[in-house]
Amino acid sequence: MPRTLGDAAWFSFGLWLALTLLVPLTAPWAYTDDPDVARMEGLLARDVNAFRRDHKLIELQRTPELDAVARAHSADMARRGYLAHRSPEGDDWVARMKKAGIEGFAMAGENVGRTSKARPNHEILTGWIHSPDHHENLVARPYNATGIGIVRAPDGSYVYTQLYVTFPR
């Protein structure tokens, strides 16, 4: 406990400095501040839908709820340094959606990726198109909704999650 006004000022400064430097290292939302991320997410949605149109498929409608689940997974992967459909605790995309209160879907899938290339969206989408499992999600006829979450990791790379969901019409 500081005993003088000067001690209190130094204590306050030290606390502010510690929070400023350390919280971004542990908080999952700390890597979502990049001003380009929202634009990148929108462009990826546009490009995925263009790819689907080229394959005579319906466009996927983005929802804020699915975006939030996708962003949270990307942030978790960025913060804890893994790239997987299952969290270290074993939760997959269906479990994450259910924990977020998303119900009523008939089918769901997920693509994830990480890149540090100069054109990250191009790199990720090209990789997904050429990967049989990822491609399957891109062209699955039943999907009608999506959520996209892109997060900048501490090392500067981008971590991607795209959810694919079928809601009854």
Verdict with supporting geometry, F167 and L66, side-chain contact (heavy atoms from CB on, under 4.5 Å): CA-CA 12 Å; F167 288 109; L66 291 174; 4.1 Å; yes
Side chains of [X] and [Y], heavy atoms from C-beta outward: is any pair under 4.5 Å?
| X | Y | value |
| --- | --- | --- |
| Y158 | M40 | yes |
| E110 | V94 | no |
| H73 | H85 | no |
| V165 | M107 | no |
| F51 | H135 | yes |
| L138 | R52 | no |
| T146 | V48 | no |
| R71 | I148 | no |

Joint hydrophobic cluster, V69 plus V37, side-chain heavy atoms closer than 4.5 Å: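 No; V37 is not reachable from V69 via cluster members.
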In one Ile/Leu/Val/Met/Phe/Trp/Tyr side-chain cluster, 4.5 Å: L163, I129: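 No, separate clusters.
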What pairs with [X] under side chain to side chain donor-acceptor pair (under 3.5 Å), at least two apart in sequence or on another chain?
| X | answer |
| --- | --- |
| R53 | E59 |
| N121 | Y160 |
| E89 | R80, S87 |

Heavy atoms of other groups near H130 NE2, more than 12 under 6.0 Å: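 Atom NE2 in H130 is not packed in, count stays at 12 or less.
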Distance in Å, L43 CG paired with E41 CD, rounded so as to fall on 0.5 Å steps: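 The CG atom of L43 sits 10.5 Å away from the CD atom of E41.
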Side chain to side chain contact (heavy atoms under 4.5 Å, CB included) partner of N49, the single match among I58, D54, L60, L44: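 The residue from I58, D54, L60, L44 that satisfies side chain to side chain contact (heavy atoms under 4.5 Å, CB included) with N49 turns out to be L60.
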Sequence neighbours excluded, every pair satisfying salt bridge (Lys or Arg N to Asp or Glu O under 4.0 Å) that has a member inside residues 113-129: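 Checked against salt bridge (Lys or Arg N to Asp or Glu O under 4.0 Å) - neighbours excluded - the pairs reaching residues 113-129 are R114-D155.
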Name of the residue among N137, N144, N111 meeting side chain to side chain donor-acceptor pair (under 3.5 Å) with Y164: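 The side chain to side chain donor-acceptor pair (under 3.5 Å) with Y164 is passed solely by N111 among N137, N144, N111.
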Closest heavy-atom pair and its distance - T166, P142: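 For T166 and P142, the tightest heavy-atom pair comes out as OG1-O, 2.9 Å.
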Mutual orientation of the aromatic rings belonging to H134 and W128 [parallel < 30°, tilted 30-60°, perpendicular > 60°]: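 Because their plane-to-plane angle is under 30°, the rings of H134 and W128 count as parallel.
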For D91, salt bridge (Lys or Arg N to Asp or Glu O under 4.0 Å) partners two or more places apart: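 Only K99 meet the salt bridge (Lys or Arg N to Asp or Glu O under 4.0 Å) criterion with D91.
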Backbone of H122 reached by a side-chain donor or acceptor of T126 within 3.5 Å: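 At least one qualifying donor-acceptor pair exists.
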Hydrophobic cluster of M77, others only, ordered by chain and residue number, side-chain cut-off 4.5 Å: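 Hydrophobic cluster check, M77: joined to Y82, L83, V112, V159.
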